Colleague: 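Below is the structure I would like to discuss, written out as structure tokens.
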Amino acid sequence: MSDSMRVYVGTYTGGSSEGIYVYRLDMSSGALTYESHIAGVENPSFLALSPKNDYLYAVNENSEGGVTALSVDQDTGTLKTLNQRPSRGGLPCSIYVDATGQCVLVANYGSGTVTAFPIREDGSLGEDTTFIQHEGSSVDPGRQEGPHAHMIITDPANNYAFVPDLGMDRVMIYRLDPAQGKLTPNDPPYAQVRAGGGPRHLAFHPTVKYAYVINEMGNTITAFTYDAAQGALNEIQMVNTLPIDFDGRSSTADIHITPDGRFLYGSNRGHDSLAMFSIDQDTGLLTLIGIESTRGENPRNFGIDPTGAFLLAANQSTDNVTTFRIDQNTGALTEVSNAEVPAAVCLKFVAV
């Protein structure tokens, strides 16, 4: 096992942050130390690495919407901007590189659009090859007056792309042709979540039998069985992420599963915590373990390192990242480090 991980941190710029930051995670202590950063990348709030970790892609979350491609120095981890493309939608909030490294997929929250870009040989982005405008709304006139694509991710087999759309209360499903950078509607074309839930992020179980969607507005997680042949999701359970006696304002954000598939975590913004669940490997059903403070405010995202040893919670509003050691038997979290990181949002890991 590597004795350290490099951690790329996406942020919101304009305040204390200047761009994308690079930290090193000590795999024995869990300590996080600053290495470098690249300035001039506006609001790189969500990041994605290429399969070989030699390129990094970032959304530019602003009203016009952009996508930036960067090269990664494999020895030092430092970044260099290659090019930028319009994301063809406002407030791009999610970006994903397909498993073959041939295309980049982007979800634009503000406009409810989805875009795909081919990756050139030098890692830069070509002209977009897919543009899809979602159509629809749901029950909340304030948040769901129209579509709001909130994430894009492929299934582990790289056959389908999934887009939780907060405004439509649907997870849209597309067939993926990575060589052509093409997304086409699947049959079934979507999975429904409960009205007013506001689906935000999705995570697949390592066995690929189950998938889990965290619902921002409902403060819930919906568990699905996954039919990998058809690209179909079928709901089996919905659980709450907040304590029963909590009556304040809160909304969920991110969701991740440990590499061994035994534990699932979801973040609460407002309650500023992580809801911890065990996963029944035979049924996919969730059981609450507990709810742990993130030791900061507004945990918009968090990450689990590829070994499953540590969970890092990015507290955007308090400029800190808390490192927790994951108990391999119970899934419980123990704080081991708390590092100052400006406006931290998205965390991506690379073994070094």
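Quick note: numbers below take in every heavy atom, side chains included, and nothing from hydrogens, waters or symmetry partners. All values reported here derive from a predicted model rather than from experimental measurement.
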Colleague: Tell me whether Glu35 contacts the main-chain N or O of Gly77 through its side chain, where contact means a donor paired with an acceptor under 3.5 Å.
Modeller: no
Colleague: With a 4.5 Å heavy-atom cut-off, do Thr78 and Ile38 have their side chains touching?
Modeller: no
Colleague: Does any part of the side chain of Tyr21, heavy atoms only, come nearer than 4.5 Å to the side chain of Pro342, both counted from C-beta?
Modeller: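 Contact flag for Pro342/Tyr21 side chains = yes.
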Colleague: Tell me, with the steps shown, if Phe310 and Phe324 meet ring-ring contact (aromatic ring centres under 6.0 Å, His included).
Modeller: CA-CA 6 Å; Phe310 296 106; Phe324 296 93; over 10 Å; no
Colleague: Is it true that Phe263 and Leu311 fall in one hydrophobic cluster, defined by side-chain heavy atoms closer than 4.5 Å?
Modeller: yes
Colleague: Residues sharing Leu285's hydrophobic cluster, by side-chain heavy-atom contacts under 4.5 Å among ILVMFWY, directly or via others?
Modeller: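 Once heavy-atom contacts under 4.5 Å are chained together, Leu285 belongs with Ile236.
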Colleague: Indicate whether the side chain of Glu61 and that of Asn43 have a donor and an acceptor atom separated by less than 3.5 Å.
Modeller: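 Glu61 vs Asn43: no donor-acceptor pair found between side chains.
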Colleague: Does a donor on one side chain and an acceptor on the other come within less than 3.5 Å for Asn60 and Thr68?
Modeller: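 Indeed, the side chains of Asn60 and Thr68 share at least one donor-acceptor pair under 3.5 Å.
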Colleague: Taking the ring of Phe162 and the ring of Phe224, is the distance between their centroids below 6.0 Å?
Modeller: no
Colleague: For Ser273 and Asn268, does a side-chain donor sit closer than 3.5 Å to a side-chain acceptor?
Modeller: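 Distance-only check passes for Ser273 and Asn268.
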Colleague: Quick one: side chain to side chain contact (heavy atoms under 4.5 Å, CB included) partners of Leu47, sequence neighbours excluded?
Modeller: Tyr8, Ile20, Pro44, Leu56, Ala58, Cys346, Lys348
Colleague: Under a single-linkage definition using a 4.5 Å side-chain heavy-atom cutoff for Ile, Leu, Val, Met, Phe, Trp and Tyr, are Met151 and Val114 assigned to the same hydrophobic cluster?
Modeller: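 Yes, it is one cluster - the side chains of Met151 and Val114 are joined through contacts under 4.5 Å.
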Colleague: Parallel, tilted or perpendicular: which describes the rings of His134 and Tyr174, with under 30° parallel and over 60° perpendicular?
Modeller: parallel
Colleague: Side chains of Tyr12 and Gln316, heavy atoms from C-beta outward: is any pair under 4.5 Å?
Modeller: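 In contact.
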Colleague: Begin with the C-alpha distance, continue with both residues' side-chain angles, and end with the deciding distance and a verdict on side chain to side chain contact (heavy atoms under 4.5 Å, CB included) for Leu91 and Cys93.
Modeller: CA-CA 6 Å; Leu91 304 178; Cys93 63; 6.0 Å; no
Colleague: Could you give the distance from CD1 (Ile153) to CZ (Phe204), rounded to the nearest 0.5 Å?
Modeller: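 Ile153 atom CD1 to Phe204 atom CZ measures 6.5 Å (nearest 0.5 Å).
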Colleague: Here's a test for you: under side chain to side chain contact (heavy atoms under 4.5 Å, CB included), which of Asp26, Thr33, Val352 qualifies with Ser4?
Modeller: Val352
Colleague: Nearest 0.5 Å please: distance from the OH atom of Tyr160 over to the CG atom of Asp155.
Modeller: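 Answer for the OH-CG pair, Tyr160 versus Asp155, is 7.5 Å.
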Colleague: For Glu340, I'd like to know if atom CD has over 12 heavy atoms of other residues, nucleotides or ligands within 6.0 Å.
Modeller: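 Open.
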Colleague: Without swapping roles, check the side chain of Ser293 against the backbone of Arg295 for a donor-acceptor pair under 3.5 Å.
Modeller: yes
Colleague: When rounded to the nearest 0.5 angstrom, what is the spacing between CZ in Arg170 and CD in Gln192?
Modeller: 5.0 Å
Colleague: Can you spot which of Asn53, Val7, Val72, Val22 makes a side chain to side chain contact (heavy atoms under 4.5 Å, CB included) with Val350?
Modeller: Asn53
Colleague: Using a strict cut-off of less than 4.0 Å between a Lys/Arg side-chain nitrogen and an Asp/Glu carboxylate oxygen, indicate whether Arg325 and Glu335 qualify as a salt bridge.
Modeller: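 Not counted as a salt bridge, because no side-chain N and carboxylate O are separated by less than 4.0 Å.
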Colleague: With a 4.5 Å heavy-atom cut-off, do Leu312 and Phe302 have their side chains touching?
Modeller: no
Colleague: Rounded to the nearest 0.5 Å, how far does CG of Leu274 lie from NE2 of His256?
Modeller: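 Nearest 0.5 Å value for the NE2-CG distance: 10.0 Å.
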Colleague: Using a 6.0 Å cut-off, check whether atom CG of Asp247 has over 12 heavy atoms from anything other than its own residue.
Modeller: no
Colleague: Which is it for Ser278 and Arg262 under the side chain to side chain contact (heavy atoms under 4.5 Å, CB included) test, yes or no, and what are the steps along the way?
Modeller: CA-CA 6 Å; Ser278 62; Arg262 296 181 60 208; over 6 Å; no
Colleague: Taking the side chain as every heavy atom from C-beta outward, state whether Thr13 and Thr11 have any atom pair closer than 4.5 Å.
Modeller: yes
Colleague: Looking at every heavy atom in both Gly308 and Pro259, which two are closest together, and how far apart are they?
Modeller: CA-CD, 3.6 Å
Colleague: Given 3.5 Å as the limit, does a donor-acceptor pair link the side chain of Asp305 with the main chain of Thr307, or not?
Modeller: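 Yes, Asp305 side chain to Thr307 backbone: donor-acceptor pair under 3.5 Å.
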Colleague: First locate atom CZ of Arg88, then atom OG1 of Thr130, and finally report the distance between them rounded to the nearest 0.5 Å.
Modeller: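 Reported to 0.5 Å precision, the distance equals 10.0 Å.
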Colleague: Side-chain donor-acceptor pair under 3.5 Å between Asn215 and Thr220, yes or no?
Modeller: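 Yes - a donor-acceptor pair under 3.5 Å links their side chains.
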Colleague: To check you understand the geometry: which heavy-atom pair defines the closest contact between Asp165 and Pro199, and what is its length?
Modeller: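 Looks like O-CG, 3.4 Å.
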Colleague: Do Asp54 and Gln74 get their side chains close enough for a donor-acceptor pair, meaning under 3.5 Å?
Modeller: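 Side chains of Asp54 and Gln74: no pair found under 3.5 Å.
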Colleague: Name the residue from Val336, Asn338, Val321 that meets the side chain to side chain contact (heavy atoms under 4.5 Å, CB included) definition with Leu32.
Modeller: Val321
Colleague: Can you name the residues that form a ring-ring contact (aromatic ring centres under 6.0 Å, His included) with Phe246, not counting sequence neighbours?
Modeller: His271
Colleague: Measuring from Ser317:OG to Arg269:CZ, what's the distance to the nearest 0.5 Å?
Modeller: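 Ser317 OG to Arg269 CZ: 9.5 Å, rounded to 0.5 Å.
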Colleague: Looking at every non-hydrogen atom in both residues, tell me the closest pair between Gly89 and Asn108 and how far apart they are.
Modeller: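 The pair with the smallest heavy-atom distance is O-OD1, 3.4 Å.
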Colleague: Could you check if a side-chain atom of Ile304 sits within less than 4.5 angstrom of a side-chain atom of Phe349, using non-hydrogen atoms only?
Modeller: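 They are not in side-chain contact.
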Colleague: Can you list, by chain and residue number, the hydrophobic cluster partners of Ile214 when the side-chain cut-off is 4.5 Å?
Modeller: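 Other cluster members: Tyr210, Tyr212, Ile221, Val239, Ile255, Ile257, Leu264, Phe277, Ile279, Leu286, Leu288, Ile291.
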Colleague: Is Glu297 salt-bridged to Arg300, going by a charged N under 4.0 Å from an acidic O?
Modeller: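 Between Arg300 and Glu297 there is no salt bridge, as every charged N stays at least 4.0 Å from the carboxylate O atoms.
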Colleague: Would you indicate whether the side-chain heavy atoms of His201 and Val213 approach each other to under 4.5 Å?
Modeller: no
Colleague: Is it the case that one hydrophobic cluster holds both Leu183 and Met168, taking links as side-chain heavy atoms less than 4.5 Å apart, direct or via other members?
Modeller: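 Yes, it is one cluster - the side chains of Leu183 and Met168 are joined through contacts under 4.5 Å.
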Colleague: Taking all non-hydrogen atoms of both residues into account, name the closest pair between Ser16 and Ala343 and its distance.
Modeller: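 Heavy-atom minimum between the residues: OG-N, 4.1 Å.
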Colleague: Would you mind listing the cluster partners of Ile244? Hydrophobic ones only (ILVMFWY), side-chain contacts under 4.5 Å, chaining allowed.
Modeller: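 So far as hydrophobic clustering goes, Ile244 is joined with none.
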Colleague: Find out if a path of hydrophobic residues (ILVMFWY) with successive side-chain heavy-atom gaps under 4.5 Å connects Val139 to Met238.
Modeller: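 Unlinked, Val139 and Met238 end up in two clusters.
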Colleague: For Asn315, run the side-chain hydrogen bond (donor to acceptor under 3.5 Å, both in side chains) check against Asn301, Asn298, Thr294 and tell me which one passes.
Modeller: Thr294
Colleague: In the structure I gave you, are the side-chain heavy atoms of Leu333 and Ile326 within less than 4.5 Å of one another anywhere?
Modeller: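 Side chain of Leu333 against side chain of Ile326, heavy atoms only: contact under 4.5 Å found.
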Colleague: Give me the atom names and distance for the closest heavy-atom approach of Gln133 to Gly112.
Modeller: NE2-O, 3.3 Å
Colleague: Does the side chain to side chain contact (heavy atoms under 4.5 Å, CB included) test come out yes or no for Leu233 and Val171, once each step is laid out?
Modeller: CA-CA 9 Å; Leu233 298 170; Val171 179; 4.2 Å; yes
Colleague: Give the other cluster members for Phe117, using side-chain heavy-atom distances under 4.5 Å between Ile, Leu, Val, Met, Phe, Trp and Tyr residues; answer none if it is isolated.
Modeller: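 Besides Phe117, the cluster holds Phe46, Tyr55, Tyr57, Val59, Val67, Leu82, Ile95, Val97, Val104, Val106, Ile119, Leu125.
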Colleague: Quick one: do the His205 and Gln281 side chains pair a donor with an acceptor below 3.5 Å?
Modeller: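 Yes, Gln281 and His205 have a side-chain donor paired with an acceptor closer than 3.5 Å.
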Colleague: For Thr129 and Gly181, indicate whether the former's side chain and the latter's backbone hold a donor-acceptor pair under 3.5 Å.
Modeller: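 Side chain of Thr129 to backbone of Gly181, a donor-acceptor pair under 3.5 Å: yes, one is there.
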Colleague: Of all heavy-atom pairs between Gln102 and Thr100, which one has the smallest distance, and what is that distance?
Modeller: NE2-OG1, 2.9 Å
